[in-house]
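A short worksheet on the structure shown next.
Computation of the quantities below employed the complete heavy-atom set of this structure, encompassing side-chain atoms and omitting hydrogens, waters and symmetry-equivalent molecules. The shown structure was predicted, so the numbers you read here are calculated from the model rather than taken from an experiment. First the proteins, then the strands, lettered A, B, ... as listed; each starts at 1.
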Amino acid sequence: MSERRKPYPFDRIEPKWQSIWEKNRAFHALNPGEKNFDAAKPKFYVLDMFPYPSGAGLHVGHPEGYTATDIIARYKRLRGFNVLHPMGWDAFGLPAEQYAIKTGQHPEITTRTNVAKFKSQLQQIGFSYDWEREINTTDPRYFKWTQWIFLKIYNSWFNPETNKAEPIETYRGDDPDSVRLAYVAEVPVNWCQGLGTVLANEEVIDGKSEVGGFPVVRRPMRQWMLRITAYAERLVDELEDLDWPESIKLLQRNWVGRSEGTEIEFKIENRKEAIRVFTTRHDTIYGASYMVLAPEHPLVDQLTAPERKSDVADYRAQIASKSDLERTDLAKDKSGVFIEAYAINPANNQRMPIWIADYVLMGYGTGAVMGVPGHDERDLEFARKFDLPILPVVQAPEKTVEESIGFVGDGLAINSPIINGLQTPEAKAKMLAWLEQHEHGQSDVRYKLRDWLFSRQRYWGEPFPIVWEKSEPDGRLKHRSLGENELPLVPPPLEDFKPTGTGEAPLAKAKDWIRYSDKAQRETNTMPQWAGSSWYYLRFCDPENDRRFVGEEAERYWMGGPKPGGVDLYVGGTEHAVLHLLYARFWHKVLFDSGYLSKTEPFQRLVNQGIILGEDNQKMSKSRGNIVSPDEVIDNYGADSFRCYEMFMGPLEQMKPWSMKGVEGVSRFLARVWRLIMEENRAGEWILSDGISDVAADKSQTKVIHATIKKVTGDIETLSFNTAISQMMIFVNAFTNADAKPLPAMRTLLLLLNPFAPHLTSELWETLNRKFTDAGGDITEQPWPNHDEQFLVEDEIEIVVQVNGKLRDKLTVSLVASDAEIEAAALALPKILALIAGKTVRKVVVVSKKLVNIVLA
RNA sequence: GCCGAUGUGGCGAAAUGGCAGACGCAACGGACUUAAAAUCCGUUGGGCUUAAACGGCCCGUGCCGGUUCGAGUCCGGCCAUCGGCACCA
């Protein structure tokens with residue numbers, strides 16, 4: 001590619017200013033208690049979702065959110081805030097480990113290389129991060145505290161009476177291990193033979209591993225779990241006062257899946273056991289004609305008649321062999337086995353045949369449902385397939401009884417002696433009262449949320465600070481935590497990172513490391529990648545602290561404020577709408593309950609940037625070959641053009657395609673700003689333009705200046721950066737052909753543009769200061785300009801004149817004209833007279849200082 | 001299937017219920033130039049009217065209806081695209 005002449009010397013000024021900022025520690029935030037800390041300034045904590053440093057480097061999607069937060073950070077500094085704007089690396093994770101398996105290169109080396117690449121790319125864009133606060137989740141000084149927090153969780157239980165976590169010592173029951181917030185359980189997990197590890201649900205796509213595409217099967221394994229379900233209610237309720245997009249709140253609410261209903265007990269014919277059922281439609285109990293248990297339900301073995309045992313065993317085997325994928329495919333086709341036992345419907349004492357079927361899940365509710373085929377789609381399918389009785393008990397509005405079969409909405413209770421004639425809500429209330437009164441059931445709340453599967457069979461993750469010890473009476477292995485003084489627990493050096501293939505973690509190969517004492521061995525599983533990212537925003541407040549995960553004063557300052565959430569602005573992709581944001585909130589609440597934090601929520605305001613598509617309008621991917629790297633953009637147009645284009649493309653939260661032509665347009669705009677202030681001399685050198693003079697702007701220029709201050713300031717506050725840039729383009733267009741460029745106007749423009757194009761504006765500011773010294777100091781030390789409304793008012797205003805709502809003419813009147821005067825003037829316009837001639841004016845609407853609408857009969 | 005978001009020129013997009021298309025891209029025309037690039041200026045939703053220009057008229061924000069003096073914007077119903085969940089009782 002031939003050397004193109006640069007429209008302005010960004011290749012010289014951008015590295016220059018980046019090194020000045022670094023040398024001056026321009027963006028270093030001071031903590032309370034540090035020398036020069038200014039307690040009079042308000043704080044602002046603006047955070048990006050820190051990246052996983054992959055080998056591929058940045059693509060243009062990463063810096064979209066980063067640019068937005070950088071503009072906010074720079075703007076807030078100019079507005080006199082102490083700004084915390086940090087960056088770090090979420091560096092544990094599968095790709096580095098897979099690379100290690102392939103090449104033998106230790107993940108630590110891969111990680112270091114990738115971090116260096118990412119960091120240099122971010123620095124080239126000129127982001128104002130406080131690099132002195134850089135953190136890396138794989139650094140033992142960091143994960144020491146990840147392990148420490150795990151111990152806090154492990155050593156806590158959730159007290160339902162206080163609705164918060166408390167130290168395990170306060171638990172009065174026999175078996176503390178049964179209530180810890182971190183516990184071991186045998187659960188069905190996603191096992192991926194190809195990768196040799198269990199995977200989280202989100203790492204499994206259509207029954208295959210996201211990495212490598214290997215098949216994934218369900219398999220019961222003993223795993224570490226975190227009791228996030230204890231917080232289900234608070235995770236929903238405490239969303240309320242957060243400034244998050246409603247759609248994201250809804251996603252979280254749906255994920256937690258609260259439903260209110262009733263737990264009902266059904267007696268079993270001729271037996272002492274009972275089946276408990278959870279239902280949200282206890283008003284349909286008269287229509288419950290059969291009972292279904294999940295195949296794994298603990299009562300199945302006891303209740304199944306001897307002659308049905310082999311059928312049940314066959315059915316269970318058949319289900320176990322199905323993969324998740326097959327299960328989804330077969331979702332519509334109901335299957336099940338009758339176990340030759342009967343339950344008694346407490347409402348009408350009818351016998352209900354008991355079945356097992358895989359459409360009932362052991363993991364939700366009680367693992368048992370009452371079959372109401374009249375008013376539940378799945379029950380109806382099941383009943384039709386196995387010829388079970390179908391009784392309508394809710395009549396749909398405007399429908400006959402017969403037509404109401406399959407109706408699942410609210411209607412009129414029928415065939416239900418106790419509640420006949422009642423609308424569903426009243427029917428529910430009365431039925432519940434009846435059930436409670438006769439001790440058949442009580443109201444209950446259930447959640448879809450499951451506990452968090454927290455262990456992985458991987459090398460490249462935080463080891464659990466847990467040892468397994470032979471306990472004295474029975475010689476069984478029991479877990480216990482390491483002491484805080486034993487942290488960090490660093491993973492052993494390994495030559496061979498390969499999975500064992502047996503479900504045992506790679507750490508099991510480090511025989512010396514595992515051996516803790518004569519009678520104790522270390523836990524060999526590691527934590528998932530989500531661990532480090534569940535609290536990193538806290539560490540940024542005080543990253544060097546080696547006595548505490550975050551210092552109290554630093555936490556109170558940066559995570560404080562009047563709102564429930566601590567981080568003032570958090571920007572990142574929607575892909576983390578549920579998991580990361582839910583996990584972080586959960587950890588935060590445990591730490592809050594334990595008295596370590598000042599706020600109940602981590603993130604007050606959340607904004608999701610939209611993804612950037614390739615020029616072909618498709619998602620960027622290696623296989624499509626449409627990935628745009630920031631490097632090429634910066635080489636050709638400079639970092640400021642890159643930043644401004646990222647913001648000019650469209651609304652931050654919207655999905656939008658990349659366009660190199662668009663970058664060029666924005667680059668032209670910045671070059672125009674440059675040439676507003678600079679000109680080339682005969683030698684081809686850029687020098688301060690003769691046109692710049694210290695004169696006042698004229699009236700129309702003043703108006704543009706103040707309109708721009710107002711618009712840009714308001715737009716930055718609402719993150720509408722695209723329209724802020726448009727307004728600055730209007731400003732520049734207005735001054736491009738002016739004979740004299742008034743100095744104060746130029747300074748105002750540079751300040752407004754500074755958060756967007758910091759290198760260009762710093763350079764021009766400095767150049768102006770060399771000749772005109774009164775502004776003094778660096779651009780970053782200036783106050784943000786204020787607009788004055790008086791310069792925006794017009795002497796004369798244009799009034800739109802409509803006839804029957806259609807624009808017909810315009811009218812210019814004085815600012816002080818009354819509505820009556822405006823109406824009279826409008827009705828006197830020749831065009832309007834012609835239009836209304838011979839017609840009756842039925843009404844005239846006058847909107848003050850705006851419009852007249854003449855309505856004809 | 002359920003839930004949510006989005007739908008405006010050739011393209012990215014603007015528009016407190018009040019002039020639809022700001023700003024930018026692309027395209028076309030002009031100035032400068034031996035020429036090109038760069039730069040600057042202008043035109044640019046569709047159609048009709050007009051020899052042409054000025055002007056004038058009609059249509060136009062996914063589709064159908066409603067509220068309103070007035071709807072891209074509010075309400076109801078559809079359609080399409082994208083995203084999430086998916087036997088959750």
Side-chain angles (χ1 to χ4, degrees), chain A residues 4-5 7 245-251 253-255 257-259 261-262 277-282 284 288 292 294 327-328 330-334 357-361 363-372 375-379 381-382 408 446-450 574-575 577-578 608 610-611 615 617 619 644-645 648-651 653-666 668-669 671-672 675 711 720 722-730 732-733 736-737 798-810 831 842-847 850-856:
Chain A
R4 225 167 40 86
R5 198 181 172 292
E246 271 312 309
S247 60
I248 301 292
K249 288 190 184 181
L250 196 65
L251 235 42
R253 281 194 202 102
N254 291 344
W255 188 264
R258 179 188 160 95
S259 45
T262 304
V277 151
F278 174 72
T279 178
T280 55
R281 290 303 299 269
H282 44 278
T284 63
V292 193
R327 264 193 211 205
T328 325
L330 298 171
K332 288 278 136 50
D333 192 21
K334 294 284 177 289
D358 67 349
Y359 85 89
V360 174
L361 310 172
Y364 183 77
T366 60
V369 303
M370 59 181 202
V372 185
H375 306 286
D376 182 280
E377 229 174 289
R378 299 147 300 179
D379 293 347
E381 257 175 72
F382 191 78
V408 297
R446 295 282 171 160
Y447 299 92
K448 279 199 287 190
L449 185 68
R450 310 289 164 84
T574 354
E575 66 271 23
V578 178
N608 295 117
I611 59 171
E615 299 233 27
N617 245 301
K619 234 183 193 145
C644 289
Y645 176 66
F648 187 63
M649 291 173 80
E653 304 191 58
Q654 193 171 299
M655 184 193 297
K656 44 212 179 279
W658 188 264
S659 155
M660 266 326 164
K661 284 289 182 189
V663 182
E664 218 169 297
V666 171
R668 274 202 281 268
F669 158 65
R672 279 155 72 96
R675 290 195 311 270
K711 177 85 177 138
S720 310
N722 53 331
T723 47
I725 293 172
S726 295
Q727 181 62 39
M728 289 189 277
M729 287 173 169
I730 290 169
V732 171
N733 291 344
T736 292
N737 289 315
E798 192 175 62
I799 302 288
V800 169
V801 184
Q802 298 180 337
V803 176
N804 285 338
K806 284 184 180 166
L807 172 70
R808 292 302 177 197
D809 207 350
K810 288 176 191 177
K831 256 187 211 166
R842 191 154 64 84
K843 187 174 174 185
V844 178
V845 180
V846 181
V847 180
K850 265 214 179 97
L851 156 152
V852 178
N853 188 14
I854 298 156
V855 187
L856 300 179

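Atom CZ in A:Arg675 sits about 12 Å away from atom P in B:rA38, given to the nearest Å. Atom CG in A:Asp379 sits roughly 14 Å away from atom P in B:rC87 (whole-Å rounding). A:Glu653 has its CD atom 19 Å from the P atom of B:rG12, to the nearest Å. For the pair A:Lys656 NZ and B:rA14 P, the computed distance is 10 Å after rounding to whole Å. Remark: C1' of B:rC69 and CD1 of A:Ile854 are 11 Å apart, rounded to the nearest angstrom. Atom CG of A:Asp358 and atom C1' of B:rA89 are 14 Å apart (whole Å). Going from atom CG of A:Asn737 over to atom C1' of B:rC41 covers 8 Å, rounded to whole Å. When rounded to the nearest whole Å, the span between CD of A:Glu615 and P of B:rC25 equals 15 Å.
Residues A:Gly650 and A:Asn722 approach most closely at C-ND2, 3.7 Å, considering heavy atoms. Counting all heavy atoms, side chain and backbone alike, A:Pro245 lies closest to A:Glu653 at CG-OE1, 4.4 Å. Taking both residues in full, the closest heavy atoms of A:Phe648 and A:Ser726 are given as CE1-OG, 3.6 Å, listed atom of the first, atom of the second, then distance. Considering every non-hydrogen atom in both A:Lys831 and A:Asp809, the closest pair reads CB-OD2, 3.7 Å. A pairwise comparison of heavy atoms in A:Val369 and A:Val360 identifies CG2-CG2, 3.6 Å as the closest pair. Of all the heavy atoms in A:Ala577 and A:Ile248, the pair that sits closest is CB-CD1, 3.6 Å.
Contacts of A:Met655 with the nucleic acid, taken as non-hydrogen atoms under 4.0 Å apart, involve only primed sugar atoms and P, OP1 or OP2.
For the C1' atoms, the distance linking B:rG77 with B:rC87 amounts to 30 Å, nearest Å. Using P as the reference atom, B:rG18 and B:rG4 are 27 Å apart when rounded to the nearest Å. Only the P atoms considered, B:rG56 is 33 Å distant from B:rC74, to the nearest whole Å. Using atom P as the reference point in both B:rC78 and B:rG83, the two lie 23 Å apart (nearest Å). The same atom, C1', is picked in B:rU73 and in B:rG66; the two are 15 Å apart, to the nearest Å. Nucleotides B:rA37 and B:rC28, compared at atom P, are 11 Å apart to the nearest Å. Rounded to a whole angstrom, the distance from the P atom of B:rC82 to that of B:rG30 is 44 Å. For the C1' atoms, the distance linking B:rG46 with B:rA51 amounts to 23 Å, nearest Å.
Taking the six-membered ring where the residue is Trp, A:Phe382 and A:Tyr359 present tilted rings, their angle falling between 30° and 60°.
Nucleotide B:rG84 carries an anti base; the chi torsion (O4'-C1'-N9-C4 or O4'-C1'-N1-C2) is more than 90° from 0.
With rounding to the nearest 0.5 Å, the separation of CG in A:Asp376 from CD in A:Glu381 is 9.5 Å. Expressed to the nearest 0.5 Å, how far CE of A:Met370 lies from NE2 of A:His282 amounts to 9.0 Å. Here CZ of A:Arg253 is found 14.5 Å from CG of A:Leu449. Values are rounded to the nearest 0.5 Å. Rounded to the nearest 0.5 Å, atoms CZ (A:Arg672) and CG (A:Asn733) are 4.5 Å apart. To the nearest 0.5 Å, atom CD1 of residue A:Ile799 and atom CG of residue A:Leu851 are 8.0 Å apart.
Looking at the side chain of A:Val369, the nearest of the listed nucleotides B:rA89, B:rC69, B:rG56 is B:rA89. Of the candidates B:rC58, B:rC82, B:rC87, B:rC87 carries the atom nearest the A:Tyr359 side chain, counting heavy atoms from C-beta on.
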Restricting to nitrogen or oxygen on both sides, can you table the protein-nucleotides 4-11 of chain B pairs closer than 3.5 Å?
none

Using nucleotides 19-23 of chain B, report all nitrogen or oxygen pairs with the protein that are shorter than 3.5 Å.
unit_1	atom_1	unit_2	atom_2	d
B:rC19	O2	A:Lys810	NZ	2.6
B:rC19	N3	A:Lys810	NZ	3.4
B:rC19	N4	A:Glu798	OE1	3.1
B:rA22	N1	A:Ser726	OG	3.3

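Checking the phosphate oxygens (OP1, OP2) of B:rC25, a side-chain nitrogen or oxygen of A:Arg668 falls inside 4.0 Å. Contact between the side-chain N/O atoms of A:Lys661 and the OP1/OP2 oxygens of B:rA26 is found at a separation under 4.0 Å. One finds no side-chain N or O of A:Lys850 lying less than 4.0 angstrom from the OP1 or OP2 phosphate oxygen of B:rC69.
In secondary-structure terms, RNA chain B builds stems of at least 3 consecutive Watson-Crick or G-U pairs, each pair having both distances under 3.5 Å, at B:1-7 with B:79-85, B:10-12 with B:23-25, B:27-31 with B:39-43, B:45-49 with B:55-59, B:62-66 with B:74-78.
No side-chain heavy atom of A:Glu664 sits less than 4.5 Å from a side-chain heavy atom of A:Tyr645.
The residue among A:Lys831 and A:Thr280 whose nearest nucleotide of RNA chain B lies closer to the 5′ end is A:Lys831. The nearest heavy atom of RNA chain B to A:Ser259 and to A:Arg808 marks one nucleotide each, and the one closer to the 5' end goes with A:Arg808.
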